Structure formats: C-alpha cells, structure tokens
Amino acid sequence: MHIDYAAEAFKRMTQPQHGPALNDRQTVESLVSYPEFLALTDKISDEKINSIAQTVRNAQKSKYAKVTAAQKYTLANALIAQHGSALSVYAQAFGKTQDEFTTLVASV
C-alpha cells in the first residue's frame with residue numbers, strides 16, 4: 001500500500017466531512033490486513049496474535065478463505081495496545097514518526 005493512500009484513509013476516518021469520526025480501533029481495523037500492518041503484528045510476542053496474523057496472510061492467498069471481522073478486531077486491539085493510538089500504529093507501519101505522519105495527513 002502506498003503511504004499517501006494510508007494517510008488519506010487515516011484522514012477520512014479521523015476527520016470525516018459527514019458523520020462521526022471512527023475511534024482508534026476502527027481506524028486501525030479498516031487497514032489491518034495490509035502487509036505493512038501485519039508486519040507490525042510480528043513484533044508482538046503473543047502466539048495467538050501471530051497465529052491470527054498468519055491466518056490473515058494465508059486467507060489473502062486463497063480464493064475461498066476470508067478474513068473475519070473478529071480477526072481484524074483482535075489484531076487492531078493488539079496493535080493499539082502495543083503502540084498506544086491509531087496515529088502511532090499508522091506511523092510505525094510506514095517507518096515514520098507521529099509528527100511526520102501527521103504532516104503527511106495534513107498535506108493530502
């Protein structure tokens with residue numbers, strides 16, 4: 001995924017023009033199945049989280065398997081517990097600081 005797409009998605013979810021903003025978990029959950037976010041789950045030393053992440057990776061290669069809402073929910077919660085906020089998760093996924101990612105979000 002391109003970092004500009006992630007920044008635009010983050011902006012859309014946290015600063016919507018219509019309707020309420022999504023909370024941190026929902027913001028992370030929406031893109032958690034992308035490789036950049038799954039790579040962050042590898043740094044969490046929890047066997048269950050690593051197993052779910054591997055299942056999500058395998059599901060992306062199969063035309064029959066689907067990533068469930070429960071899997072996304074669990075991975076998003078684990079990433080937020082590890083990093084503290086959706087902004088931090090997004091920034092870490094792309095190797096940026098929170099300030100750098102915030103600047104990028106403001107520019108899209």
Side-chain angles (χ1 to χ4, degrees):
M1 165 189 345
H2 196 273
I3 190 169
D4 289 338
Y5 174 79
E8 185 178 332
F10 183 83
K11 184 175 186 176
R12 253 191 344 262
M13 290 179 261
T14 58
Q15 305 165 10
Q17 293 179 355
H18 308 288
L22 300 181
N23 64 32
D24 278 354
R25 183 195 47 80
Q26 292 168 320
T27 301
V28 173
E29 192 176 328
S30 64
L31 298 179
V32 77
S33 61
Y34 281 86
E36 294 84 356
F37 293 89
L38 289 174
L40 285 181
T41 62
D42 294 338
K43 298 175 183 174
I44 299 173
S45 58
D46 183 332
E47 189 176 318
K48 179 180 177 182
I49 298 302
N50 293 331
S51 175
I52 292 170
Q54 189 58 44
T55 301
V56 170
R57 284 185 186 96
N58 293 340
Q60 292 172 341
K61 297 173 187 171
S62 170
K63 67 179 185 178
Y64 300 109
K66 302 286 185 219
V67 178
T68 68
Q71 290 168 328
K72 290 180 180 182
Y73 178 88
T74 302
L75 292 177
N77 281 335
L79 286 172
I80 290 171
Q82 181 80 16
H83 296 283
S85 70
L87 175 61
S88 181
V89 172
Y90 274 67
Q92 289 294 315
F94 291 97
K96 303 286 184 191
T97 66
Q98 288 186 28
D99 291 338
E100 290 171 336
F101 194 77
T102 302
T103 303
L104 184 61
V105 168
S107 70
V108 292

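Not measured: the values here are computed from a predicted model. FYI, the numbering just counts along the sequence from 1.
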Worksheet item: Where the side chain of Gln60 meets the backbone of Pro35, is there a donor-acceptor pair that is under 3.5 Å apart?
Response: no
Identify each donor-acceptor pair in which a side-chain atom of residues 96-108 lies under 3.5 Å from a protein atom, sequence neighbours left out, and give them as a table.
residue : atom : partner : partner atom : Å
Thr97   : OG1  : Glu100  : N            : 3.1
Glu100  : OE1  : Thr97   : N            : 2.9
Thr102  : OG1  : Gln98   : O            : 2.7
Thr103  : OG1  : Asp99   : O            : 2.9
Ser107  : OG   : Leu104  : O            : 2.8

Worksheet item: Is the closest side-chain heavy-atom distance between Leu79 and Ile44 below 4.5 Å?
Response: yes
Worksheet, complete the sentence: One should read off an interatomic distance between Lys48 NZ and Leu75 CG, to the nearest 0.5 angstrom, of 10.0 Å
Practice prompt. Output all residues satisfying side chain to side chain contact (heavy atoms under 4.5 Å, CB included) with Ala39, sequence neighbours left out; order by chain, then residue number.
Written response: none
Worksheet item: Is it true that a side-chain atom of Glu8 and a backbone atom of Tyr5 form a donor plus acceptor pair closer than 3.5 Å?
Response: no
Fill in: Results of side chain to side chain contact (heavy atoms under 4.5 Å, CB included) for Gln92 - residues two or more places apart only
Leu40, His83, Ser88
Fill in: side chain to side chain contact (heavy atoms under 4.5 Å, CB included) partners of Ala86, counting only residues at least two apart
Phe10, Asp24, Thr27, Val28
Response to the item:
When rounded to the nearest 0.5 Å, the distance separating CG of Leu31 from CG of Leu38 is 11.0 Å
Worksheet entry | Distance, nearest 0.5 Å, that separates CZ of Arg25 from OG of Ser85 | 15.0 Å
Enumerate, atom names and distances included, each donor-acceptor pair closer than 3.5 Å involving a side-chain atom of residues 67-74, sequence neighbours excluded.
residue : atom : partner : partner atom : Å
Thr68   : OG1  : Gln71   : N            : 3.1
Thr68   : OG1  : Gln71   : OE1          : 3.3
Gln71   : OE1  : Thr68   : N            : 2.8
Thr74   : OG1  : Ala70   : O            : 2.9

Worksheet item: Under the salt bridge (Lys or Arg N to Asp or Glu O under 4.0 Å) test, which residues partner Asp42, sequence neighbours left out?
Response: Arg57
Practice prompt. Starting at CD of Glu29, measure out to CD1 of Ile80 and round the result to the nearest 0.5 Å.
Written response: 9.0 Å
Practice prompt. Heavy atoms only: give me the nearest Ala6-Tyr90 pair and the separation to one decimal.
Written response: O-CE2, 3.6 Å
Worksheet item: Under 3.5 Å, is there a donor-acceptor pair between the Asn58 and Gln54 side chains?
Response: yes
Item to complete: With rounding to the nearest 0.5 Å, note down the distance linking OG1 in Thr41 to CD1 in Ile49.
Response: 8.0 Å
Discussion item. I'd like to know whether CZ of Phe94 has more than 12 heavy-atom contacts from other residues, nucleotides or ligands below 6.0 angstrom.
Written reply: yes
